[in-house]
Peer 1: 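Let me begin by handing over the structure; questions about it come next.
Residue numbering restarts at 1 for every chain, and letters A, B, ... go by the order of the sequence lines. The model shown is predicted, which means the values in this text are computed figures rather than measured ones.
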Amino acid sequence: MALTLYNTETRKKEQFVPFNRENVTMYVCGPTVYSYAHIGNARAAVVFDLLFRVLQLNYKKITYVRNFTDIDDKINKAASEQNVPISEITRHFANIYQKDMLSLGNLAPTLEPKVTEHIPQIIKIISELIEKGHAYEAEGHVLFNVPSYPEYGSLSHRDRDDQIAGARVETAPFKKDAADFVLWKPSDDSLPGWASPWGRGRPGWHIECTAMSREHLGENFDIHGGGQDLIFPHHENELAQGKCSGNHGKYAKYWVHNGFVKVNGSKMSKSLGNVFLVHDLLEKYPGEVLRYCLLSSHYRQPLDWTDDLTSQGQEVLDKFYRTYLELQQEFDLARHSSLDEAQPTQEIVDALNDDLNMSKVFAVLHRLIAEIRKQEDPEIKKSLGVSFIASARIIGLMNFDPEQWFQKEKATSIKIDELYIENLIQERKTARSEKNFKRADEIRDELKSNHIVLEDKPDGTTEWKIFEQ
RNA sequence: GGUGUCGUAGCCAAGUGGUAAGGCAGAGCUCUGCAAAAGCUCCAUCGCCGGUUCAAAUCCGGCCGACACCUCCA
């Protein structure tokens with residue numbers, strides 16, 4: 001089955017046909033780096049990482065660009081509050097972002113360009129826009145003139161006339177049209193700025209993505225991604241700039257947008273104090289659990305972040321790793337190269353190609369587990385097992401050695417005295433061999449009251465793990 | 001006011017015309033000294049009302065409800 005994607009611009013699921021099969025291009029709006037990434041930022045990163053992986057299943061070479069926005073008024077504000085240069089803030093949080101995204105099992109994009117490294121390209125595009133009559137200078141600002149581009153609104157499907165009625169628009173007096181937006185704004189001495197034909201200043205919000213996508217992917221590229229909130233005005237404006245400057249074309253061929261993360265049914269916002277930071281969540285859950293949760297509903301649907309969701313994620317991942325562990329113990333998979341060469345099953349690939357149908361993917365993974373469990377022929381079992389692991393890995397899960405996975409769980413939260421636990425396990429073993437089940441149960445209970453649960457394995461050993469609450 | 005998205009079991013979530021995938025939780029049984037794991041079994045008629053059709057969760061209309069964007073935001 002060929003890859004199909006839902007295109008925001010046409011509002012349809014379309015078959016994906018790249019401009020160039022030899023180099024598929026994708027640009028995704030990355031973070032503005034002035035604080036920690038929250039779980040909503042993470043969703044976008046995970047969704048497009050998944051798409052990156054799916055593209056790799058279909059094509060040899062993918063160029064995936066995800067930018068860092070490192071010049072922005074929020075950054076300026078943070079920098080002046082802390083009395084440090086903006087680069088100190090942006091470098092710090094860009095680093096954290098990269099680490100957090102890695103923890104979630106995301107592959108690194110091909111390129112991660114920064115806005116401040118593309119000022120000349122930005123100035124060039126703005127100059128082109130002015131030359132072609134799509135932009136004008138006013139009081140040190142340069143603005144894009146929306147009426148000069150009749151197709152404006154084609155991406156977000158908004159009719160300008162209908163918008164104005166109830167919208168809370170504060171119009172700057174120097175705008176020719178209320179919808180005009182800033183391409184370049186002046187900086188006084190207290191603000192970061194760059195020399196330009198219009199004086200010292202800094203870029204507006206949307207122009208950077210036009211410049212960076214053009215620099216690294218060309219004037220036309222295949223996929224443009226981001227969160228749903230970016231459709232308007234960010235992507236609409238970006239598209240206008242892209243099509244009105246340089247040569248003409250489609251700009252981006254497929255616009256793909258992921259849905260929002262909600263928290264207990266309502267929007268995540270600072271004022272409600274319900275913003276979950278990836279950084280904090282990683283203290284409590286393995287990155288793969290968070291990844292599972294983020295992938296558990298279709299990427300275009302809203303995702304409600306709840307305790308139920310994370311505990312379900314933990315259960316499912318444990319089940320996956322339990323299967324992996326059994327396979328590992330039976331076949332010593334790590335010793336063989338079979339794992340590295342293994343491919344996901346065709347059914348999984350088809351589900352992914354169908355606009356990233358993750359529910360189908362998980363259904364197949366669970367079915368594979370059941371088949372593995374029941375399979376008695378070792379050769380068939382091994383082959384199923386290898387397919388299962390390869391299939392889970394293609395979506396960015398099962399990157400840990402299974403023993404490491406369960407070991408890691410032990411290490412989280414709650415302070416543990418391993419020696420104390422091991423001693424009690426020994427004592428219980430002795431008690432059990434003497435049929436002193438009363439004492440054996442006492443030990444189980446005692447550990448249980450300390451959040452430790454014991455599991456007797458078929459081979460006679462006893463393992464322990466921590467349970468919450 | 002404009003523009004969209006959505007409403008499927010306790011929870012998560014597919015399915016978009018032919019009589020409801022999967023998972024989590026739960027219940028029962030098997031196995032196990034106990035517990036866990038594993039296996040088997042059970043657990044919905046798809047927000048409401050009306051229409052189209054031989055046939056609708058799936059198409060159309062109306063209503064109710066939730067959410068988002070139109071302002072910085074993934």
Side-chain angles (χ1 to χ4, degrees), chain A residues 8 11 28-32 34 37-48 66 69 72-74 77 153 156-170 179 205 225-234 236 257-262 265-270 275 292-294 296-304 306-316 318-319 322-323 325-326 351 354 357-367 369-370 372-374 428 431-432 435-438 440-441 443-445 447-448 453-458 462-465 467:
Chain A
T8 303
R11 292 177 173 167
V28 174
C29 290
T32 301
Y34 68 102
H38 58 242
I39 194 69
N41 297 307
R43 186 181 193 191
V46 167
V47 163
F48 289 100
R66 185 182 63 202
T69 297
D72 173 276
D73 287 348
K74 290 190 290 289
K77 187 164 172 253
S156 58
H157 308 284
R158 285 162 204 270
D159 178 13
R160 289 201 49 220
D161 298 331
D162 294 338
Q163 294 286 311
I164 296 164
R168 294 165 273 168
V169 185
E170 234 178 274
W205 179 33
Q228 248 160 22
D229 56 319
L230 296 180
I231 297 171
F232 189 90
H234 184 57
E236 190 70 61
H257 294 96
N258 66 275
F260 260 57
V261 176
K262 298 189 294 176
S266 57
K267 183 175 174 170
M268 195 162 52
S269 75
K270 281 180 187 164
V275 175
Y292 171 86
C293 294
L294 291 170
S296 66
S297 76
H298 187 83
Y299 75 92
R300 276 186 279 115
Q301 296 299 116
L303 174 68
D304 201 4
T306 61
D307 286 343
D308 257 351
L309 181 68
T310 43
S311 65
Q312 286 186 20
Q314 186 73 60
E315 291 297 331
V316 171
D318 281 352
K319 181 176 168 182
R322 227 176 279 132
T323 305
L325 184 63
E326 285 166 21
D354 181 16
N357 187 341
M358 286 307 296
S359 294
K360 183 73 188 296
V361 170
F362 285 122
V364 175
L365 287 175
H366 278 105
R367 203 199 59 220
I369 288 178
I372 289 165
R373 292 264 157 71
K374 282 180 205 164
R428 176 166 168 274
R432 290 171 73 204
K435 302 270 184 213
N436 183 359
F437 297 122
K438 184 167 173 285
D441 286 344
I443 290 168
R444 180 183 283 286
D445 289 342
L447 287 171
K448 196 174 173 184
V453 61
L454 299 181
E455 292 178 2
D456 296 329
K457 297 295 171 183
T462 297
E463 295 195 355
W464 57 271
K465 66 180 186 185
F467 67 96

Peer 1: How close do Gly40(A) and Met268(A) get, counting heavy atoms only, and between which atoms?
Peer 2: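 That closest heavy-atom pairing would be N-CE, 3.7 Å.
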
Peer 1: Name the closest nucleotide to the His298(A) side chain, picking from C70(B), C34(B), A14(B).
Peer 2: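 For His298(A), the side-chain atoms sit closest to A14(B).
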
Peer 1: Determine whether a donor-acceptor pair (one donor, one acceptor, N or O, separation below 3.5 Å) exists between the side chain of Asp72(A) and the base of C72(B).
Peer 2: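 Answer is no: no donor-acceptor pair is held.
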
Peer 1: From the options Asp308(A), Leu303(A), Thr310(A), select the one residue that forms a side chain to side chain contact (heavy atoms under 4.5 Å, CB included) with Thr306(A).
Peer 2: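 Among Asp308(A), Leu303(A), Thr310(A), the one that satisfies the side chain to side chain contact (heavy atoms under 4.5 Å, CB included) with Thr306(A) is Asp308(A).
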
Peer 1: Between A38(B), C40(B), A74(B), which nucleotide gets closest to the side-chain atoms of Arg322(A)?
Peer 2: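 Ranking A38(B), C40(B), A74(B) by closest atom to the Arg322(A) side chain puts A38(B) first.
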
Peer 1: With RNA chain B as reference, determine whether Thr306(A) or Pro233(A) sits nearer its 5' end, using the nearest nucleotide of each.
Peer 2: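 Residue closer to the 5' terminus by nearest nucleotide: Thr306(A).
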
Peer 1: Under the 3.5 Å rule, do the base of C70(B) and the side chain of Arg158(A) count as making a donor-acceptor pair?
Peer 2: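 Checked by distance alone, the answer is no.
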
Peer 1: Counting only Watson-Crick or G-U wobble pairs whose two distances fall under 3.5 Å, which nucleotide matches G7(B)?
Peer 2: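 Paired with G7(B), as far as the under-3.5 Å criterion goes, is C64(B).
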
Peer 1: Side chain of Phe437(A) only, please: which of C69(B), A38(B), G33(B) is the nearest?
Peer 2: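 The closest nucleotide is G33(B).
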
Peer 1: Side chain of Gln301(A), heavy atoms from C-beta onward: which of C6(B), G4(B), G39(B) has the nearest atom to it?
Peer 2: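 Selected nucleotide: C6(B).
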
Peer 1: Touch check for Val261(A), heavy atoms < 4.0 angstrom, all strands: base, sugar-phosphate only, or nothing?
Peer 2: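 The residue Val261(A) makes base contact.
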
Peer 1: Expressed in whole Å, how much space separates the C1' atoms belonging to A38(B) and A57(B)?
Peer 2: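 About 35 Å, rounded to a whole number of Å.
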
Peer 1: Mark up nucleotides 15-27 of chain B, 5' to 3', with B wherever a protein heavy atom is under 4.0 angstrom from a base atom, S wherever such an atom reaches only the sugar-phosphate, and - elsewhere.
Peer 2: S-----BSBBS--

Peer 1: Just the table, please: protein N/O against nucleotides 45-47 of chain B N/O, every pair under 3.5 Å.
Peer 2:
none

